[in-house]
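Contents: one structure, followed by commentary.
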Number of protein chains: 2
Amino acid sequence: MSLRHALLALLTVEPMTGYDLSKAFQASVSHVWHAPDSQIYPELRRMEADGLVVGTEVPWGPRGKKREYSVTAAGLDAFRAWMNEPLSYTRERDPAHLKAAYLEWAEPDAARAQLRAHIANFDQQRTEWLEKVREIDTGTSTMLEKRLAHAPASEHTSIRAYKRYTYEGLIARAEHEIEWAERGLDLIDDLLQADAAPPTA
Amino acid sequence: MSLRHALLALLTVEPMTGYDLSKAFQASVSHVWHAPDSQIYPELRRMEADGLVVGTEVPWGPRGKKREYSVTAAGLDAFRAWMNEPLSYTRERDPAHLKAAYLEWAEPDAARAQLRAHIANFDQQRTEWLEKVREIDTGTSTMLEKRLAHAPASEHTSIRAYKRYTYEGLIARAEHEIEWAERGLDLIDDLLQADAAPPTA
DNA sequence: GCCAACTATCTATGGGGATAGTGAGCTGAC
DNA sequence: GTCAGCTCACTATCCCCATAGATAGTTGGC
């Protein structure tokens with residue numbers, strides 16, 4: 001139920017079309033939130049029906065048009081309300097750790113491939129987040145700079161700090177996952193070696 | 001699509017009823033996988049139709065009966081196949097980090113409550129996983145000991161090692177999340193202090 | 001002037017999962 | 001001997017989301 005809030009979060013920065021939002025999810029904010037356009041467009045309609053956003057037709061080229069959504073006062077209220085209410089932590093599903101717990105069933109090569117894929121996945125995430133932090137620091141994050149432009153100067157430090165804080169946490173998490181998978185690769189080797197040369201004691 | 005594999009994983013240890021599986025998800029394996037019984041029973045039926053498991057009626061008390069499912073050879077094949085094929089990493093949704101990125105919208109108290117809830121959540125997980133590791137080490141994990149009883153002695157080291165490895169990773173992750181949230185609490189305080197006493201430079 | 005690539009929006013279908021309820025039998029404590 | 005609490009199984013509904021595909025207009029390069 002919080003695609004809605006993710007959309008509100010992005011729209012607090014500036015009015016956007018469904019397409020813009022879809023791009024934003026695909027690129028910058030992926031791995032924090034993601035949604036296909038087939039989910040975004042209808043949700044925007046619903047949000048408009050609920051008075052959280054208003055859509056206005058904007059000409060696009062000679063004949064084309066697009067629909068740009070901006071947050072209403074009610075939308076801001078809803079977003080603030082969500083921000084002020086605690087999250088409910090639902091039990092998660094974690095296929096990677098599920099598999100790890102039963103790794104003895106996999107061929108050693110498959111087990112290694114699995115862990116390497118884990119590393120590759122989080123290494124890519126890590127790279128993305130590092131780039132985000134760099135953008136925050138150099139002032140080249142378009143979303144952040146737009147957000148700052150609409151906010152009083154007194155809040156700039158906080159806004160910047162929270163963004164950085166978020167991405168730092170994600171980087172640390174990615175690094176932790178990489179480390180864990182690397183220890184797993186070592187473990188596989190150790191177990192195979194122990195197997196090849198059983199204890200002489 | 002991998003509730004099915006989670007069920008297979010548990011059933012490789014020993015035959016179980018839907019109720020047993022539901023309990024197993026609620027207790028021990030929650031946070032790695034979780035499913036309500038309303039999902040489990042129909043899935044077991046489907047798995048039986050697909051030949052992955054067979055259910056047998058077992059008497060339970062004078063009049064009652066229960067349906068115990070055990071994995072078939074085809075089920076073992078399917079499980080091994082899944083173990084040997086790489087996971088597809090889908091983009092995840094992370095409400096906690098989404099919120100963190102927009103923390104300036106929350107009241108300071110709400111922000112603190114949010115982070116404290118984050119800490120409480122992962123602290124509880126951490127406690128659970130630590131207990132799991134303790135059970136593994138002391139041989140009091142019923143599931144693990146049953147698994148070992150059915151496995152050749154040569155594999156005992158690996159099985160034990162992979163289980164431990166999994167839980168260690170989860171513990172480290174929980175600790176990382178706690179650390180991150182604690183840094184967040186400090187950050188909130190710092191930003192409020194800076195606000196109260198603006199730079200004199 | 002045409003084609004490829006991109007922008008923009010929408011619909012359909014199906015699976016997975018959350019939530020909530022029904023109903024039956026069993027067990028043990030009081 | 002009965003009531004509370006547990007074991008066991010199943011059903012219904014609704015939402016979220018993934019995937020895929022339809023459609024139409026725009027822009028830029030060759």
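Per chain, numbering begins at 1; letters A, B, ... match sequence-line order.
Following rounding to the nearest Å, B/E68 (CD) and D/dC8 (P) show an atom-to-atom distance of 9 Å. Following rounding to the nearest Å, A/R45 (CZ) and C/dT9 (P) show an atom-to-atom distance of 9 Å. For the pair B/L44 CG and D/dA9 C1', the computed distance is 11 Å after rounding to whole Å. The separation between B/Y69 atom OH and D/dA9 atom P is 7 Å, rounded to whole Å. Put simply, OH on B/Y41 is 17 Å from C1' on C/dG17, counting in whole angstrom units. Per the geometry, CD belonging to A/E92 stands 11 Å off P belonging to C/dA18, to the nearest Å. Atom pair A/D20:CG and C/dT9:C1' shows a separation of 13 Å (rounding to whole Å applied). Between the CG atom of B/L7 and the P atom of C/dG17 there is a distance of 10 Å, rounded to whole Å.
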For nucleotides 1-6 of chain C, tabulate all protein N/O to nucleotide N/O atom pairs closer than 3.5 Å, reporting atom names and distance.
none

Kindly give the atom pairs (protein nitrogen or oxygen, nucleotide nitrogen or oxygen) under 3.5 Å for nucleotides 18-20 of chain D.
unit_1 : atom_1 : unit_2 : atom_2 : d
D/dA18 : OP1    : B/R93  : NH1    : 2.7
D/dA18 : OP1    : B/R93  : NH2    : 2.8
D/dA18 : OP2    : B/R93  : NH2    : 3.2
D/dT19 : O4     : A/S38  : OG     : 2.5

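Relative to the axis of its first five pairs, the axis of the last five pairs of the helix from C/dG1-D/dC30 to C/dC30-D/dG1 sits at 20°, rounded to 10 degrees.
For an aromatic pair to be called close, the ring centres must be under 6.0 Å apart, and A/Y89 with B/H118 satisfies this. Aromatic rings of B/W180 and B/H97 (six-membered ring for Trp) have centroids within the 6.0 Å cut-off, being under it.
Salt-bridge formation is not detected for the pair B/R80/A/E107: no Lys NZ or Arg NE/NH1/NH2 atom is positioned less than 4.0 Å from an Asp or Glu carboxylate oxygen. Between A/R160 and A/E145 there is a salt bridge, since at least one side-chain N of the basic residue sits less than 4.0 Å from a carboxylate O of the acidic one. Under 4.0 Å is where a charged nitrogen must lie from a carboxylate oxygen, and between B/R173 and A/D94 at least one such pair does.
Taking the nucleotide of DNA chain D with the nearest heavy atom to each of B/K23 and A/G64, the more 5' of the two is matched to B/K23. Mapping B/R46 and A/T17 onto DNA chain C via the closest heavy atom, the residue that lands nearer the 5' end is A/T17.
Under the 4.5 Å side-chain criterion, counting only non-hydrogen atoms from C-beta, A/L191 is in contact with B/Y162.
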* Take A/D109 and A/R112 through the test salt bridge (Lys or Arg N to Asp or Glu O under 4.0 Å) and record every step on the way to the result. => CA-CA 5 Å; A/D109 280 347; A/R112 286 199 196 92; 3.0 Å; yes
Between A/D20 and A/K66, does a salt bridge (Lys or Arg N to Asp or Glu O under 4.0 Å) hold up when you go through it step by step? CA-CA 11 Å; A/D20 293 334; A/K66 56 187 184 175; 5.4 Å; no
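A search for side-chain contact (heavy atoms from CB on, under 4.5 Å) contacts involving B/E128 returns B/H31, B/Q124, not counting sequence neighbours. Residues that satisfy the side-chain contact (heavy atoms from CB on, under 4.5 Å) test with B/S22, not counting sequence neighbours, are B/Q26, B/D37, B/I40. Partners of A/E92 by side-chain contact (heavy atoms from CB on, under 4.5 Å), not counting sequence neighbours: none found.
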